[in-house]
Protein chains: 2
Amino acid sequence: MATKQRVTVLDVARLAGVSQGSVSRVITGKNWVSDRLRARVEAAVKQLEYKPNPHAQGLKSLKSRAVAALVSDISNPLHGTFLASAEEVLSAAGYLLFVSSTNNDRDRELELINAYGSGRVDGMIVAHSDENNRRVIKALQETGLPILFHDREPRRFGDAVIVDHAHGAYVATNYLLSLGHQCIALLSPSKAIRPGRERFSGYKRALEEANLVVQDDLVSMLGASDARAYDVTRNLLKRSRSRPTAIICLGTQMLAGVLAAINESGLSIPDDISIIGIGETDLVRLYKPSITAVKWDIAACGRHAAQILLQRFSESNAEKPSAGSVVRSPVELVLRDSCAAPRKQ
Amino acid sequence: MATKQRVTVLDVARLAGVSQGSVSRVITGKNWVSDRLRARVEAAVKQLEYKPNPHAQGLKSLKSRAVAALVSDISNPLHGTFLASAEEVLSAAGYLLFVSSTNNDRDRELELINAYGSGRVDGMIVAHSDENNRRVIKALQETGLPILFHDREPRRFGDAVIVDHAHGAYVATNYLLSLGHQCIALLSPSKAIRPGRERFSGYKRALEEANLVVQDDLVSMLGASDARAYDVTRNLLKRSRSRPTAIICLGTQMLAGVLAAINESGLSIPDDISIIGIGETDLVRLYKPSITAVKWDIAACGRHAAQILLQRFSESNAEKPSAGSVVRSPVELVLRDSCAAPRKQ
DNA sequence: CTGTTAGCGCATTCAA
DNA sequence: TTGAATGCGCTAACAG
């Protein structure tokens with residue numbers, strides 16, 4: 001039942017009438033080879049349908065021409081966009097991208113880092129679920145591999161592609177303030193990761209510049225789930241007084257929950273309540289009314305991430321590792337129809 | 001700048017005062033080893049933080065303890081659920097799952113199959129984008145690896161986990177017929193893949209059993225995008241006569257487009273038009289009105305897929321490959337608030 | 001420019 | 001049960 005015998009460099013060399021080393025040279029493409037030799041080898045490769053054994057290659061070269069991406073939740077469409085564009089760049093350079101979902105499980109993160117770190121990949125793109133977890137940081141550093149942090153705090157090691165969430169939240173809050181809102185709720189995923197902290201700080205700065213103070217009960221940073229956001233929103237809307245006149249919801253899934261809760265309450269957007277969402281998702285664009293939202297160029301982030309890693313791979317041949325680079329993606333507010341001045345009380 | 005020198009079996013053997021072979025034996029766990037020896041080796045492993053080199057392991061053993069999953073679109077939440085549960089089972093068995101997105105690009109599919117097929121993984125989970133593409137089928141078969149088709153037609157080789165989409169569409173259509181609808185539109189992704197074909201056949205069967213005939217202009221199977229679905233729906237709703245009184249939309253992203261178009265038209269659900277959607281997404285559950293939808297146990301599908309592959313891995317030690325297995329997942333209709341009898345004309 | 005050769009780290013024979 | 005010895009398929013260093 002063996003489908004095919006493995007064909008090796010030796011078979012190719014024999015058929016092409018050259019040495020094994022020469023075959024390797026044309027495969028790797030790193031050395032000069034005469035056109036004639038190359039042609040013969042390539043013909044033999046094609047005829048035999050030779051495919052190099054990645055394990056043997058990796059064993060000798062200590063490289064695997066692969067990158068791992070660790071994401072918390074593989075089904076988040078924002079991650080999907082990022083990964084797809086990163087993969088495009090990597091695959092154009094001959095690298096594979098292995099995507100693994102950690103499902104926000106700390107142990108799983110460690111396992112994956114160790115599994116990938118022991119030679120399976122040449123570098124990693126990481127968006128870990130808790131930046132306070134020292135063990136994850138340590139494990140990453142100990143791989144000795146180029147690490148690219150995606151939307152996580154830059155470290156003393158590794159590079160980072162980060163998003164200016166603080167600015168996004170600042171602009172969003174300012175916009176609502178300029179419309180006359182004073183009671184603005186903020187929903188966003190956890191403060192254990194950079195996006196959460198940054199958003200909160202941008203929100204806070206905008207309020208303070210307007211001589212307002214953050215009301216803790218208007219801020220919820222308890223996880224990314226739509227169900228949680230639904231509950232939070234219901235509670236916010238139930239209040240008789242100090243009901244928020246605007247909600248900034250900076251989570252893709254969460255937004256669905258917020259909208260559902262508002263729908264159910266019978267309040268109308270934007271007359272009764274203003275909404276600012278996140279991303280360029282179907283929901284945001286097509287909802288009625290369409291949702292004003294902060295956005296950034298996620299595909300560009302993915303491309304940058306890939307390019308930085310590729311750069312690292314090429315320079316590790318040289319002796320001097322340059323300093324960690326940080327690419328910061330700007331965030332803008334896309335105005336749509338979900339915001340208006342609050343009702344006169 | 002080298003972070004750590006690689007520690008090898010030899011280092012462990014030296015520290016434990018045993019032979020290299022013995023270390024290997026305790027690592028693989030396949031041979032009997034005295035407790036004393038095992039203890040010494042394990043201590044040394046821990047002390048040195050030894051991690052086996054997967055390339056060296058793979059080179060000798062011809063196994064990689066990894067599985068690749070090829071999906072068309074990594075950001076589809078239905079895929080995410082499937083992959084997360086498959087990964088859970090695989091990782092419990094010590095296998096890694098590499099997820100790669102083909103973005104519905106045929107060439108990319110072939111590249112990935114070849115890249116993974118040449119030793120990087122022990123098996124693959126595949127949902128290819130066009131079942132008519134013989135080259136993809138051929139490439140899969142030629143890997144000689146256990147292949148698991150996900151929601152694709154079972155082949156002469158490989159196993160399959162499929163969903164009874166025909167039944168789902170049949171039940172959905174019947175339900176609408178029973179409410180009195182006669183003019184029912186069907187939107188679903190491509191007929192180039194099994195789900196599309198099956199859904200169409202279920203829809204058709206239900207209509208025919210009611211002595212109705214499929215009207216081609218009520219059926220659209222042109223791709224999964226929400227934008228396309230939006231356009232299609234707008235056109236459907238624009239018709240003065242023979243405007244459908246119900247729409248069955250069997251695509252996750254598409255549903256967003258359909259709902260947006262309906263919103264825009266000013267029609268109300270379910271009074272003016274009934275809707276049947278798909279999946280257990282936020283949108284379906286939380287939309288107002290909530291959307292009646294077909295669903296199946298996606299997580300179970302993922303688990304089955306993983307289990308079947310694991311089974312294959314263990315039996316390949318034996319000589320007789322058993323026949324391809326096919327797991328068929330039932331589909332049910334979850335009744336919510338988006339369907340009602342059509343208005344009397 | 002090309003052939004020859006020596007391992008990469010490990011699993012697995014063969015002896016003992 | 002354990003140690004010694006042999007490649008797995010390939011890359012790279014060294015000659016020529």
Side-chain angles (χ1 to χ4, degrees), chain A residues 2 4-42 44-45 48-66 94 115 117-120 122 313 316-317, chain B residues 2 4-42 44-45 48-66 94 115 117-120 122 317:
Chain A
K4 327 177 45 165
Q5 339 232 34
R6 287 204 103 29
V7 14
T8 76
V9 263
L10 249 158
D11 301 312
V12 176
R14 224 138 35 200
L15 179 60
V18 300
S19 78
Q20 194 202 89
S22 295
V23 175
S24 177
R25 273 185 279 263
V26 349
I27 301 291
T28 57
K30 279 176 192 162
N31 300 273
W32 270 146
V33 168
S34 71
D35 289 346
R36 212 175 71 84
L37 192 149
R38 152 165 291 114
R40 298 173 57 125
V41 170
E42 284 175 346
V45 164
L48 267 47
E49 293 190 347
Y50 167 74
K51 310 212 178 58
N53 179 323
H55 288 134
Q57 288 184 143
L59 187 55
K60 264 317 271 190
S61 64
L62 303 179
K63 311 227 156 306
S64 55
R65 297 195 76 77
S118 48
R120 275 199 173 81
D122 299 338
F313 299 156
S316 69
N317 296 345
Chain B
K4 327 177 43 165
Q5 339 233 32
R6 290 203 97 35
V7 14
T8 76
V9 262
L10 250 158
D11 301 312
V12 176
R14 225 138 34 201
L15 178 61
V18 301
S19 78
Q20 190 210 86
S22 296
V23 175
S24 177
R25 271 172 210 118
V26 349
I27 300 292
T28 57
K30 281 177 192 163
N31 300 275
W32 270 146
V33 168
S34 69
D35 289 346
R36 212 175 68 84
L37 192 149
R38 151 165 290 114
R40 298 172 58 127
V41 170
E42 283 175 347
V45 163
L48 268 48
E49 294 190 348
Y50 166 73
K51 308 209 178 62
N53 178 323
H55 288 135
Q57 287 184 144
L59 188 54
K60 274 309 280 189
S61 65
L62 303 179
K63 310 229 155 306
S64 55
R65 296 194 79 75
S118 48
R120 274 194 174 84
D122 299 339
N317 296 345

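In the text below, chain A, chain B and the rest are named by the order of the sequence lines, each starting its count at 1. What you are looking at is a predicted structure, and each value in this text was computed from that prediction instead of being measured.
Of all nucleotides listed (D/dC10, C/dC10, C/dT4), C/dC10 comes nearest to the side chain of B/Ala56. Minimum atom distance to the side chain of A/Lys30 is reached by D/dA12, of the listed C/dG3, D/dA12, D/dT1. The B/Trp32 side chain lies nearest to D/dT1 when the options are C/dC10, D/dT1, D/dT11. With C/dA11, C/dG3, D/dC10 as the candidates, the nucleotide lying closest to the side chain of A/Gln57 is D/dC10.
As judged by a 4.0 angstrom heavy-atom cut-off over every strand, A/Leu10 is placed among residues making no nucleic acid contact. Within 4.0 Å of B/Ile27, counting heavy atoms only, lies no atom of the nucleic acid at all. Among the atoms of the strands shown, none is found under 4.0 Å from any heavy atom of A/Val23. Residue-level contact check: A/Ser24 touches the bases, meaning some heavy atom is under 4.0 Å from a base atom. In this structure, A/Ser34 reaches the sugar-phosphate backbone alone: every heavy-atom distance under 4.0 Å involves primed, P, OP1 or OP2 atoms, never a base.
Counting heavy atoms from C-beta on, the side chains of B/Val18 and B/Val23 come closer than 4.5 Å. Side-chain atoms of B/Leu37 and B/Arg25, non-hydrogen and from C-beta on, never get closer than 4.5 Å to each other.
In this model, a side-chain donor or acceptor of B/Arg25 finds a partner on the base of C/dT13 within 3.5 Å. Between the side chain of A/Lys60 and the base of D/dG9, no donor-acceptor pair under 3.5 Å is found.
As a whole-Å value, the separation of A/Asn53 CG from C/dC10 C1' is 14 Å. The distance between atom NZ of A/Lys63 and atom P of D/dG9, rounded to the nearest whole Å, is 23 Å. If you measure from atom CD of A/Gln20 to atom C1' of C/dA6, you get 11 Å, rounded to the nearest angstrom.
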Q: With side chain to side chain contact (heavy atoms under 4.5 Å, CB included) as the test, would you mind laying out the steps for A/Val12 and A/Val41 before giving the verdict?
A: CA-CA 7 Å; A/Val12 176; A/Val41 170; 4.3 Å; yes
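Within the 4.0 Å cut-off from OP1 or OP2 of C/dG3, at least one side-chain nitrogen or oxygen of A/Ser19 is found.
Nucleotides of DNA chain D nearest to B/Ser22 and B/Leu59 differ in position, and the one nearer the 5' end is that of B/Ser22.
The two atoms that bring A/Arg120 and B/Ser64 nearest to each other are NH2-O, 3.3 Å, heavy atoms only. Closest of all the heavy-atom pairs between B/Ser118 and A/Arg6 is O-NH2, 3.4 Å.
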